[in-house]
Peer 1: 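Okay, here's the structure, questions in a sec.
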Amino acid sequence: MEEPQDPTDDELVARTKNGDVSAFDDLVRRYSPRVYGLVYNMTSNHEDTNDLLQDIFAKAFRSIKGFRQQSSFYTWIHKIAMNMTINFLKKRNRRRGMSLDDMDAHIENDPDYIEATATTDPRRETNLAELQKRLNEAMQKLSHDHRAVVTMFDIQGMPHAEIAKILGISEGTVRSRLFYAHRQLQNYLEEFRGA
Amino acid sequence: MSEPSEIQKLIRLKRYERPPEDYFEDFLLEFQRRQRAEMLKRPIWAIAWERANLWLEGFRVPAIAYASALVAAAGVTGLILTSQDNPASSQVASADLAPSASISVAPIAPVAPAASGRNLPPSYVLEERPVSYDAPFSF
């Protein structure tokens, strides 16, 4: 939760439009972790994510005078990020390895992780790296559109309405893409299911 | 909302894939460095345009005033162009009218005084005595 004295996004945007570069720095501080998560889960590559993140915020800074604030800055920056990431992925025709060195240690306290790994079934006695590797592989097999909704809904916890705004589609389309993507992922990750 | 499926629970584990703690501060520093470099590399016309806009903003001129000024400027330009066209056409007109103008304006040349040596003012009246009445010979 933000401190009461923290400027709102709208205030920071207005100050940036008036030439206050430091106000945009605050927006970068505020949104770079979330946008990083979005881009990383689309690309599964930290280097690509880092480069894209620089380009995304640079583009946002250049375009902010044209931002009419009909949507929130949150939606606007995510829309830029998603468009640039999908364009990048269309150009990238090769698959890169995924680094798992930066896994957050808090995952070990996650009940979903405990449930997924703590079992006597030898097929499910897998380490974190193996699980993440399979998850990333499964995600990469989804189309860009399906991966986008899974990333925003399942990983980032965005509501359907927000996803619909960012992608410029209806909420019904968001739901149907999620349904299809989950079914695809279930097929890819069959051995991790409790069947 | 319904219970998340097992596959959703697994996917949610991906939110723990985060960069190191100091990554975002380093990211911001790199962003600032690139941003400042880009700002310095901007072309002169872009800087001039932005400064002109800022200068105009200082007058708090409403947007419609710019449109009015543009219309006025277009009108003045049109007027100037029209007036530049007019001298040429007036020259043609005066050339066409030149003969009649010279007829109507030019003064009638006075008749030269008679050879009698009298210093008379110019007159358009003929001598009251016809030349044929003078004596042909004088001895």
Side-chain angles (χ1 to χ4, degrees), chain A residues 19 21-22 24-25 28-29 32-33 36-37 40-41 44 46 49-50 53-55 57-58 61-62 65 98-108 110-113 115-116 128 131-132 134-136 138-139 150-151 153-157 178 181-186 188-189 192-195, chain B residues 1-70:
Chain A
V21 180
S22 69
F24 194 77
D25 291 346
V28 173
R29 273 194 202 93
S32 53
Y36 184 95
Y40 173 73
N41 285 298
S44 288
H46 285 303
T49 303
N50 184 61
L53 207 60
Q54 290 286 348
D55 293 344
F57 281 105
F61 180 71
R62 284 195 300 267
K65 287 204 171 180
M98 288 158 278
S99 167
L100 303 174
D101 298 339
D102 303 324
M103 181 65 66
D104 194 307
H106 292 99
I107 191 172
E108 289 171 12
D110 190 289
D112 292 338
Y113 171 69
E115 185 188 329
L128 176 60
L131 177 63
Q132 290 304 123
R134 286 179 182 275
L135 273 172
N136 284 335
M139 287 284 286
V150 169
T151 298
F153 182 77
D154 291 317
I155 303 173
Q156 299 210 291
L178 269 175
H182 288 162
R183 205 171 59 183
Q184 291 288 103
L185 287 170
Q186 273 178 349
Y188 297 138
L189 296 170
F192 288 100
R193 295 171 61 202
Chain B
M1 181 180 272
S2 60
E3 275 293 298
S5 64
E6 194 161 356
I7 194 74
Q8 284 179 287
K9 288 178 184 173
L10 280 174
I11 296 165
R12 281 179 194 176
L13 297 178
K14 281 179 67 62
R15 65 188 156 195
Y16 292 100
E17 292 178 38
R18 294 174 188 166
E21 288 294 316
D22 54 352
Y23 168 80
F24 290 107
E25 267 312 306
D26 293 343
F27 172 80
L28 181 60
L29 292 174
E30 175 63 14
F31 175 74
Q32 288 170 335
R33 191 190 63 74
R34 289 190 194 188
Q35 183 190 44
R36 272 57 162 180
E38 189 175 321
M39 286 166 83
L40 288 173
K41 277 197 299 187
R42 290 172 65 202
I44 292 171
W45 64 264
I47 295 168
W49 175 252
E50 186 177 301
R51 287 187 181 174
N53 279 333
L54 286 172
W55 183 73
L56 286 171
E57 279 174 14
F59 292 108
R60 297 187 179 282
V61 181
I64 194 162
Y66 291 110
S68 307
L70 191 67

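First the proteins, then the strands, lettered A, B, ... as listed; each starts at 1.
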Peer 1: Are B/F27 and A/Y36 near enough that their ring centres are under 6.0 Å apart?
Peer 2: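 No, too far apart.
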Peer 1: Give, as side chain, backbone, both or neither, the part of A/F57 having an atom under 4.5 angstrom from any heavy atom of chain B.
Peer 2: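 Answer is both: backbone and side chain atoms of A/F57 are under 4.5 Å from chain B.
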Peer 1: Looking at side-chain heavy atoms only, is the closest gap between B/R36 and A/V21 below 4.5 Å?
Peer 2: yes
Peer 1: Show, in sequence, the C-alpha distance, side-chain angles and deciding distance for A/R183 and B/I7, and conclude whether the side-chain contact (heavy atoms from CB on, under 4.5 Å) test is met.
Peer 2: CA-CA 9 Å; A/R183 205 171 59 183; B/I7 194 74; over 6 Å; no
Peer 1: Does the pair A/N136 and B/E17 meet the rule for a side-chain contact (heavy atoms from CB on, under 4.5 Å), with working shown?
Peer 2: CA-CA 11 Å; A/N136 284 335; B/E17 292 178 38; 3.7 Å; yes
Peer 1: Of all heavy-atom pairs between A/A58 and B/F31, which one has the smallest distance, and what is that distance?
Peer 2: N-CE1, 3.4 Å
Peer 1: Just verifying a value: how many Å separate A/Y40 OH and B/K14 NZ, rounded to the nearest 0.5 Å?
Peer 2: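 Taking OH in A/Y40 and NZ in B/K14, the distance rounds to 5.5 Å.
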Peer 1: How close do A/V28 and B/L28 get, heavy atom to heavy atom, and via which atoms?
Peer 2: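 What the structure gives for the nearest pair is CG1-CD1, 3.7 Å.
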Peer 1: Counting only heavy atoms closer than 4.5 Å, note whether A/L53 contacts chain B via side chain, backbone, both or neither.
Peer 2: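 Looking at A/L53, backbone and side chain both touch chain B.
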Peer 1: For A/D25 and B/Q35, which heavy atoms make the closest approach, and how far apart are they?
Peer 2: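 That closest heavy-atom pairing would be OD1-OE1, 4.1 Å.
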Peer 1: Quick check for you: to the nearest 0.5 Å, what is the distance between B/I11 atom CD1 and A/I155 atom CD1?
Peer 2: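 Spacing of CD1 (B/I11) from CD1 (A/I155) equals 7.0 Å.
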Peer 1: Would you sort out whether B/R15 and A/N41 count as a side-chain contact (heavy atoms from CB on, under 4.5 Å), showing the intermediate values?
Peer 2: CA-CA 9 Å; B/R15 65 188 156 195; A/N41 285 298; over 6 Å; no
Peer 1: So how far is it from B/E38 CD to A/R62 CZ, rounded to the nearest 0.5 Å?
Peer 2: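 B/E38 CD to A/R62 CZ: 4.5 Å, rounded to 0.5 Å.
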